[in-house]
Protein chains: 2
Amino acid sequence: MTVTIYDVAREAKVSMATVSRVLNGNPNVKPDTRKKVKDVIERLDYRPNAVARGLASKKTTTVGVIIPDISNLYYSSLARGLDDIAEMYNYQVIITNTDNDPEKERDAFLSLISKQVDGIVFLGGALNDETLDDIKRSHLPVVICGTSEKDENLPSVNIDYHKAIKEASLKFFEEGAAQISFVKASYSEQLEQHIEEGLKAAYKEKGKNFRNELIFSTGEDYQSGKEIFEKLRTVESDVIITMSDETAIGILHAYMDEGFKVPADVQIISCSNTRLVNMSRPSLSSIALPLYDIGAVGMRLLTKYMKDEPIEEANVILPYKIEYRSTTK
Amino acid sequence: MTVTIYDVAREAKVSMATVSRVLNGNPNVKPDTRKKVKDVIERLDYRPNAVARGLASKKTTTVGVIIPDISNLYYSSLARGLDDIAEMYNYQVIITNTDNDPEKERDAFLSLISKQVDGIVFLGGALNDETLDDIKRSHLPVVICGTSEKDENLPSVNIDYHKAIKEASLKFFEEGAAQISFVKASYSEQLEQHIEEGLKAAYKEKGKNFRNELIFSTGEDYQSGKEIFEKLRTVESDVIITMSDETAIGILHAYMDEGFKVPADVQIISCSNTRLVNMSRPSLSSIALPLYDIGAVGMRLLTKYMKDEPIEEANVILPYKIEYRSTTK
DNA sequence: ATGAAAGCGCTAACAG
DNA sequence: CTGTTAGCGCTTTCAT
């Protein structure tokens, strides 16, 4: 029924070992033989069974991706970069959504392990301790992108959040801002911590008084942005930094609906930079993460681990830009 | 090194067949034995190798998804619905982006075949003839979601585009619109054809004169929307129906930038309904596709094919709603 | 340069 | 209810 390597061997009058060799580009095959085999392969429309190959070789050319929510632009932008590089290196990608649920995250990881993936990348989400243990025990190449974890000893790709937020904040202060608020969005705790520290550093450098009440936590979607507004307005900051673009737009709309002028009365900037930034009016300023690149570089890094290539730097820091659009002065 | 079913069998003093039985929930195992085996499995932290299992059973519990671009909200919304149902039925999902490139589409399909996936779903994109041939020859369960193809004999999940567009158009005409334009966005040709027909039917029913110049083609992103504006304005339609939300927002901004009032001077409605609709100001009206559900129902349908369950209806039509928000009167 | 043969880790008859 | 025995389709020594 389905044609196997054995059929090809028989038709080409060689052994299956030889067929396997031409399949895998092994140079130890006489050109004549190679051609003969290739012809038969074409004629029979033979396609190697990747599962059998995986079992025999212990390599599946499949990688797992664990991500909070693929329908969120932030994550899907990361995923797209990753996928393109994966394709370039001939890897297939199994994607699993976790909604940042630790249990789903663990299940996803274990099921990827049992599928014998060659490597796994965590995109964006928080990593809980149990999973961290699983990772360690698995001895599998793992890269984390756009998120950070406690021990920081996993290969990773990020930007320097601390520096980025500090730089942006200093600029706002220098241009007259009296107070800056930060709205977290349940991304990685570790990562949001870095950002908070960056903000505090800016306060300190300017001799301004930082208060914990200036930090808010909400979801990473539009509605969460609208909802946090009532709390936000009480502190009367004149600059608001958010994690997520969607949240920022929710906040923006909430302010405008209440008669505030943006950016005259309040400035808003996100720490993301998805395609949404241009679709909002006024267009959204952001500390622009190279989302696509973070995913792409993460995947490239993973291929190096999977192929035992030398690693120059396990914790890659990518450059960021600060894009001042129309929600800032 | 890694623990196999054989190790478990030895430790539990049973045959590997018995271990396999408890693994697969085969009832023909004495409760005592079952417990004994389960204990050993736990103690050894044994995890079945899905690849070996796949080779032996010819089932991989993996499905392939072929999609134009996961970083586009329209598609990723479909994908999310699909993924949730896949998870529910214990299938893993391999996602491949094609950018609607026929060659990529074909490569993706063939590589999924070689991975021995149990089924494939096409999400949103166009299906070219070559792939259609491959599908036929593969004898693999395939369902297509949010797109349609020439012969219409593949299992599918859609809404009734023709009816939806006709209904919306009639309403616009009845409320005084003189002329309606439609902006395609390189989704499936077949599908856009249906929509065009629906629009023409409305023109006909109202005794209005339809011209081909009222139909436009552009990309499915924001920039494409902005770019098509110059052409659009020449025909002076008072209602514009677009395929994509992003395109609609691009068009909306272009009109507003030129001093038009929306919806007073021109009304805009998309045929999509991603999360973007609320993030635009004015908020975007749309013929609301149940994107998540289309993906979810598609995956459910696929599971039926994969498990040889009876199929009530191979071509599922889901209901739509027309959401009049602020870009329509 | 090529072939023979032993697995990879599991499922699935078939016996008993 | 349990064990034995073939494979599944390929890679990979090891000979030759």
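Residue numbers begin at 1 in each chain, while the letters A, B, ... track the order of the sequences. This is a predicted model, so every value here is computed, not measured.
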Using 4.0 Å as the upper bound for N to carboxylate O, is an ion pair formed by K104(B) and D107(B)? no
In whole Å, what is the span from the CZ atom of R10(A) to the P atom of dG3(C)? 15 Å
Do the charged groups of D39(A) and K36(A) touch, with an N to O distance under 4.0 Å? no
Counting primed atoms, P, OP1 and OP2 as sugar-phosphate and everything else as base, the B/S/- map of nucleotides 8-16 of chain C against protein heavy atoms under 4.0 Å is BBBBBB---
Between atom CD1 in I113(B) and atom P in dG9(D), what is the gap in whole Å? 15 Å
Quick one: do D45(A) and R137(B) satisfy side chain to side chain contact (heavy atoms under 4.5 Å, CB included)? Show the steps, please. CA-CA 11 Å; D45(A) 196 28; R137(B) 272 185 300 171; 3.9 Å; yes
Can you tell me how far the OG1 atom of T303(A) sits from the CG atom of N90(A), to the nearest 0.5 Å? 11.5 Å
Under 4.0 Å between a side-chain nitrogen and a carboxylate oxygen: does that hold for R80(A) and D84(A)? yes
Rounded distance in Å - NZ (K36(A)) to P (dT2(C)): 8 Å
Would you say S15(A) reaches dT2(C)'s phosphate, i.e. side-chain N/O to OP1/OP2 under 4.0 Å? no
Run the numbers on E87(A) and N97(B) for side chain to side chain contact (heavy atoms under 4.5 Å, CB included), then give the verdict. CA-CA 9 Å; E87(A) 198 204 311; N97(B) 297 103; 5.9 Å; no
